[in-house]
Amino acid sequence: VQMTYEELESLHWIKAQIKLLEKELAELEPLRGNKITDMPRGQNTSNPTEEMAILKARYIEKINQEKIKYWQKKIEILEFIENLENEEAKTLARCRFIQGKSWSKITREQYSYYCDIYTPRRWLQRYIEKINKKKGTP
């Protein structure tokens, strides 16, 4: 399995999309469909309550699709990480891409501030590029 650094980071953005969709769905919750009035409705036979239910169902379906995409990508990333030969790279990759920790938190936990917060990120990025080049060449 070959993955770029950007593909590894994509799990974070898929999760962000799910959160946004769930927030948007929550915004739909207070909206109500039908209000009872004595005003004539004319030719319009659509039911606002049904329209809201359909809209909410579409949002729920989209959220479920994104969750499936998230778990598929997470499994791909886990397989990629498990195939790394370097244990430090495995640890950094799991902390960043699976657990979603910030680089400052990873540096604090793994290196006790003995290095710049961007050093592990740059090292991991270079390591991934290096193994992708090795696997890419016959």
Side-chain angles (χ1 to χ4, degrees):
V1 179
Q2 222 177 337
M3 295 188 100
T4 64
Y5 189 85
E6 289 76 23
E7 287 174 306
L8 293 165
E9 284 279 354
S10 71
L11 192 64
H12 166 79
W13 297 110
I14 295 169
K15 193 173 188 176
Q17 284 294 319
I18 292 168
K19 285 182 181 179
L20 286 173
L21 286 166
E22 287 173 339
K23 183 180 177 188
E24 290 167 3
L25 177 63
E27 290 171 6
L28 287 175
E29 288 304 318
L31 299 178
R32 298 284 177 240
N34 239 346
K35 289 185 179 173
I36 299 173
T37 67
D38 58 353
M39 295 296 291
R41 296 185 108 191
Q43 299 291 331
N44 188 356
T45 57
S46 68
N47 181 337
T49 303
E50 287 176 15
E51 289 175 17
M52 285 304 299
I54 291 168
L55 190 57
K56 289 176 185 178
R58 288 177 66 193
Y59 259 91
I60 291 167
E61 179 61 30
K62 182 64 180 158
I63 291 167
N64 288 336
Q65 289 171 356
E66 288 295 314
K67 285 180 178 180
I68 289 168
K69 185 175 161 184
Y70 173 84
W71 286 105
Q72 288 171 336
K73 181 58 82 173
K74 191 169 191 169
I75 289 168
E76 283 179 41
I77 292 171
L78 280 168
E79 288 171 354
F80 175 81
I81 291 170
E82 287 169 5
N83 288 320
L84 295 175
E85 294 175 6
N86 183 296
E87 295 303 320
E88 183 179 6
K90 282 183 183 181
T91 303
L92 293 174
R94 183 175 288 280
C95 288
R96 177 65 184 165
F97 306 123
I98 300 301
Q99 297 176 356
K101 292 180 181 177
S102 69
W103 281 112
S104 59
K105 186 169 186 161
I106 293 167
T107 303
R108 186 172 55 251
E109 290 176 358
Q110 302 301 323
Y111 301 98
S112 302
Y113 288 115
Y114 291 122
C115 64
D116 180 71
I117 64 166
Y118 298 107
T119 302
R121 181 190 59 125
R122 284 191 297 260
W123 179 83
L124 182 61
Q125 213 165 357
R126 286 187 202 121
Y127 178 80
I128 291 168
E129 288 170 6
K130 186 174 122 185
I131 62 168
N132 281 337
K133 281 182 185 177
K134 274 187 187 178
K135 289 180 180 179
T137 55

To the nearest 0.5 Å, what is the distance between [atom1] ([X]) and [atom2] ([Y])?
X     : Y     : atom1 : atom2 : answer
Leu8  : Thr4  : CG    : OG1   : 6.5 Å
Ile18 : Lys69 : CD1   : NZ    : 9.0 Å
Leu28 : Met52 : CG    : CE    : 4.5 Å
Lys73 : Met3  : NZ    : CE    : 4.0 Å
Leu11 : Gln72 : CG    : CD    : 12.0 Å

I want to check something: taking the side chain as every heavy atom from C-beta on, are [X] and [Y] in contact at a cut-off of under 4.5 Å?
X      : Y      : result
Gln110 : Pro120 : no
Asp116 : Thr119 : yes
Glu51  : Leu55  : no
Glu88  : Trp123 : yes
Glu109 : Lys105 : yes
Leu25  : Glu22  : no

Check: Arg96 side chain, Lys101 main-chain N or O, donor-acceptor pair, under 3.5 Å: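 Yes; judged by distance alone, with no hydrogens or angles, the pair exists.
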
Check for a donor-acceptor pair, side chain of Gln2 on one end and backbone N or O of Asn132 on the other, with a separation under 3.5 Å.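 Flag set: sc Gln2 to bb Asn132 pair under 3.5 Å.
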
Is the count of non-hydrogen atoms from other residues, nucleotides or ligands lying under 6.0 Å from [X] atom [atom1] greater than 12?
X     : atom1 : result
Lys74 : NZ    : yes
Glu85 : CD    : no
Arg58 : CZ    : no

Carboxylate-amine/guanidinium contact Lys19 Glu24, below 4.0 Å: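 Salt bridge absent between Lys19 and Glu24.
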
Less than 4.0 Å between a side-chain N and a carboxylate O, is that true for Glu87 and Lys90?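 Answer for the salt bridge query: yes.
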
State yes or no: do [X] and [Y] share one hydrophobic cluster built from I, L, V, M, F, W and Y residues joined by side-chain heavy-atom distances below 4.5 Å, directly or via other members?
X      : Y      : value
Tyr127 : Tyr111 : yes
Leu20  : Ile14  : no
Trp13  : Leu78  : no

Can you see which heavy atom on [X] is nearest to which on [Y], and at what distance?
X     : Y     : result
Ala93 : Leu84 : CB-CD1, 4.3 Å
Lys62 : Leu21 : CG-CD1, 3.6 Å
Ser10 : Glu7  : OG-O, 2.6 Å

Where do Lys133 and Glu129 land on the salt bridge (Lys or Arg N to Asp or Glu O under 4.0 Å) test, with the steps shown first? CA-CA 6 Å; Lys133 281 182 185 177; Glu129 288 170 6; 5.9 Å; no

Does anything in residues 71-104 form a ring pair (Phe, Tyr, Trp, His ring centres under 6.0 Å)? List the pairs, not counting sequence neighbours.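 Checked against ring pair (Phe, Tyr, Trp, His ring centres under 6.0 Å) - neighbours excluded - the pairs reaching residues 71-104 are Tyr5-Phe97.
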
